[in-house]
*Asks:* 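Here you go, one structure.
None of these values were measured; they are calculated from a predicted model.
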Amino acid sequence: MKIVYGKTFLVSAIFVLVFVVTSCNKKKTETFHKDIIYQQLLNKSEYFNDDSIDFFKIRYNSEGLKIEGFIAKPNQLESPKLPAIIFCRGGNQSYGMLNPFQLKMINDLSLNGFVVLASQLRGNMSSEGVDEFGGKDINDILKLIDIAKNLDFVDENNIHVLGYSRGGMNTYQVSKLTDDINSIAVVGAPTDKFKSIKFRENMYYSVYKPLFGDTISNRDEYVKRSPIYWHDKINEPLLILHGTDDNRVAVEEAKQLIDSLNASNRKNFKFNIFEGGNHPLSNFTNKRDSLIINWFKIHSK
């Protein structure tokens with residue numbers, strides 16, 4: 001009886017193991033994409049209260065790291081595939097992570113007929129890895145673009161990138177690194193890290209130096225994060241939005257890039273300097289969002 005019981009227990013254990021493995025594999029195949037290892041439809045709340053939008057929290061693989069992100073999609077598609085917006089967050093590490101306010105911004109963008117994907121990036125409370133503030137973390141955005149291209153409900157020929165603050169810097173970097181996007185838009189984006197230090201010296205000691213080194217032995221790292229030095233590598237149609245009362249990124253940084261683009265006879269870009277506008281232009285929400293949406297729609301095929 002003991003032997004029979006042992007065999008029965010062994011068979012049962014194998015069955016349970018097979019069931020668990022099969023269930024896990026089945027769960028993985030139910031995600032939108034092979035690199036999305038987890039997805040959850042968020043409960044309705046004051047931030048996601050439109051029945052026409054499905055809002056998902058996801059975790060996806062990026063260079064072996066598990067990164068948290070979000071996907072907002074209209075659930076009543078006007079066509080089999082919709083254009084997409086890659087939303088690039090500001091801040092650094094855990095500061096400036098996508099919060100309910102920003103998720104509502106993403107939800108509102110999706111209401112205009114876009115699938116919107118966003119990443120928390122690496123190196124914070126929600127994602128593995130180390131934030132390099134424009135270093136390898138750019139690959140988390142590039143991976144999100146790759147995921148977007150392979151989603152059944154996204155038109156791979158119509159992918160746009162929108163960045164706020166640090167996310168604007170990342171947007172410029174992404175433009176230089178890929179040809180898989182149609183257009184870009186930035187809000188309150190830095191363009192020259194050397195000028196950024198003069199405007200907010202504390203950022204040098206609290207963020208820049210710890211995350212990518214000092215300005216002397218690591219000067220190239222600052223240039224890599226400063227599109228003013230390689231604006232000729234920004235190939236997509238570009239929309240620049242900035243406020244004169246931005247207390248985080250000096251409006252002079254935006255103006256400097258605008259002047260350089262004009263001097264090089266760049267044609268496919270536009271800009272709007274908002275008199276009295278704050279850093280995220282939240283005091284011009286409707287005009288800001290209208291300009292962004294129209295820009296992406298104009299540059300969709």
Side-chain angles (χ1 to χ4, degrees), residues 16-43 48 53-89 97-98 103 106-107 109-110 113-132 135-163 167 170-171 173-182 184 236 296 300-301:
V16 170
L17 179 62
V18 170
F19 176 79
V20 169
V21 171
T22 303
S23 299
C24 290
N25 289 338
K26 183 179 180 181
K27 184 176 182 179
K28 187 174 182 179
T29 59
E30 289 177 346
T31 59
F32 293 136
H33 185 276
K34 61 181 178 61
D35 285 319
I36 296 177
I37 55 179
Y38 166 84
Q39 68 184 47
Q40 174 193 4
L41 182 63
L42 297 179
N43 294 331
F48 321 110
I53 301 297
D54 287 335
F55 208 108
F56 295 86
K57 178 191 288 186
I58 65 170
R59 292 181 73 80
Y60 65 98
N61 283 317
S62 176
E63 297 187 313
L65 300 173
K66 295 180 178 65
I67 308 298
E68 182 177 273
F70 299 90
I71 297 177
K73 60 181 287 290
N75 54 35
Q76 297 175 342
L77 303 182
E78 296 179 1
S79 61
K81 294 177 180 288
L82 293 177
I85 297 173
I86 307 298
F87 184 97
C88 300
R89 55 158 282 207
M97 289 175 60
L98 295 170
L103 296 183
I106 291 171
N107 189 82
L109 287 171
S110 189
F114 291 86
V115 175
V116 185
L117 299 91
S119 175
Q120 296 283 27
L121 303 178
R122 64 186 65 188
N124 50 60
M125 292 185 293
S126 295
S127 303
E128 297 177 340
V130 177
D131 186 1
E132 296 181 5
K136 292 181 181 178
D137 44 282
I138 296 299
N139 293 323
D140 302 338
I141 302 172
L142 293 173
K143 171 55 72 172
L144 209 56
I145 293 173
D146 180 65
I147 289 174
K149 287 171 56 183
N150 291 281
L151 294 177
D152 292 340
F153 43 85
V154 168
D155 181 352
E156 64 177 316
N157 296 312
N158 285 302
I159 298 177
H160 311 270
V161 183
L162 167 64
N170 292 155
T171 297
Q173 292 176 304
V174 166
S175 175
K176 184 175 65 170
L177 294 171
T178 183
D179 294 322
D180 292 334
I181 55 179
N182 291 55
I184 62 176
E236 291 78 25
F296 290 155
S300 290
K301 299 177 182 177

*Asks:* Flag the pair Ile86 / Val174 as yes when at least one side-chain heavy-atom distance between them is below 4.5 Å, and no otherwise.
*Replies:* no
*Asks:* Within the structure provided, determine whether Ile141 and Leu121 are in side-chain contact (heavy-atom separation under 4.5 Å).
*Replies:* yes
*Asks:* May I ask you to establish whether Lys73 and Phe153 are in a cation-pi arrangement, using a distance under 6.0 Å from NZ or CZ to the six-membered ring centre and at most 45° from the ring axis?
*Replies:*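 Yes; both conditions hold, so Lys73 lies above the ring face of Phe153.
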*Asks:* Find the distance between CD (Glu63) and CD (Glu128) and round it off to the nearest 0.5 Å.
*Replies:*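 The distance works out to 12.5 Å.
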*Asks:* So among Ser62, Cys88, Ser127, which one has a side-chain contact (heavy atoms from CB on, under 4.5 Å) with Asp140?
*Replies:* Ser62
*Asks:* Could you go through Asp54 and Leu41, starting from their C-alpha distance and side-chain angles, then the distance that decides it, and tell me whether this counts as side-chain contact (heavy atoms from CB on, under 4.5 Å)?
*Replies:* CA-CA 7 Å; Asp54 287 335; Leu41 182 63; 3.9 Å; yes
*Asks:* Contact between Leu65 and Lys136 at the side-chain level, heavy atoms closer than 4.5 Å - yes or no?
*Replies:*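 No, every pair of side-chain atoms sits at 4.5 Å or beyond.
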*Asks:* Contact between Asn170 and Asp137 at the side-chain level, heavy atoms closer than 4.5 Å - yes or no?
*Replies:*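 Of all side-chain heavy-atom pairs linking Asp137 with Asn170, at least one is under 4.5 Å.
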*Asks:* Does any part of the side chain of Tyr60, heavy atoms only, come nearer than 4.5 Å to the side chain of His33, both counted from C-beta?
*Replies:*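 In short, these two side chains do not touch, never coming nearer than 4.5 Å.
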*Asks:* With heavy-atom distances below 4.5 Å as the criterion, would you say the side chains of Arg122 and Asn139 are in contact?
*Replies:* yes
*Asks:* Below 4.5 Å, heavy atoms only, C-beta onward: do Leu117 and Leu151 meet side chain to side chain?
*Replies:* yes
*Asks:* With rounding to the nearest 0.5 Å, note down the distance linking CD in Gln173 to CG in Leu142.
*Replies:* 9.5 Å
*Asks:* In Å and rounded to the nearest 0.5 Å, what is the CG to CG distance from Asp35 to Leu144?
*Replies:* 10.5 Å
*Asks:* Can you measure from CG (Asn107) to CZ (Phe70) and round to the nearest 0.5 angstrom?
*Replies:*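 Those atoms lie 12.0 Å apart.
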*Asks:* Donor-acceptor pair, Gln120 side chain versus Leu98 backbone, under 3.5 Å?
*Replies:* yes
*Asks:* For Leu162 and Thr171, which heavy atoms make the closest approach, and how far apart are they?
*Replies:*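 It is C-OG1, 3.8 Å.
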*Asks:* Run the side-chain hydrogen bond (donor to acceptor under 3.5 Å, both in side chains) test on Ser175 and Glu236 for me, step by step, so that the C-alpha distance in whole Å, both residues' side-chain angles and the decisive distance to 0.1 Å come before the verdict.
*Replies:* CA-CA 7 Å; Ser175 175; Glu236 291 78 25; 2.3 Å; yes
*Asks:* Decide yes or no for Leu109 and Phe296: does some side-chain heavy atom of the first lie under 4.5 Å from some side-chain heavy atom of the second?
*Replies:* no
*Asks:* Run through Val116, Ile71, Asn75, Ile106 and flag the one making a side-chain contact (heavy atoms from CB on, under 4.5 Å) with Phe55.
*Replies:* Ile106
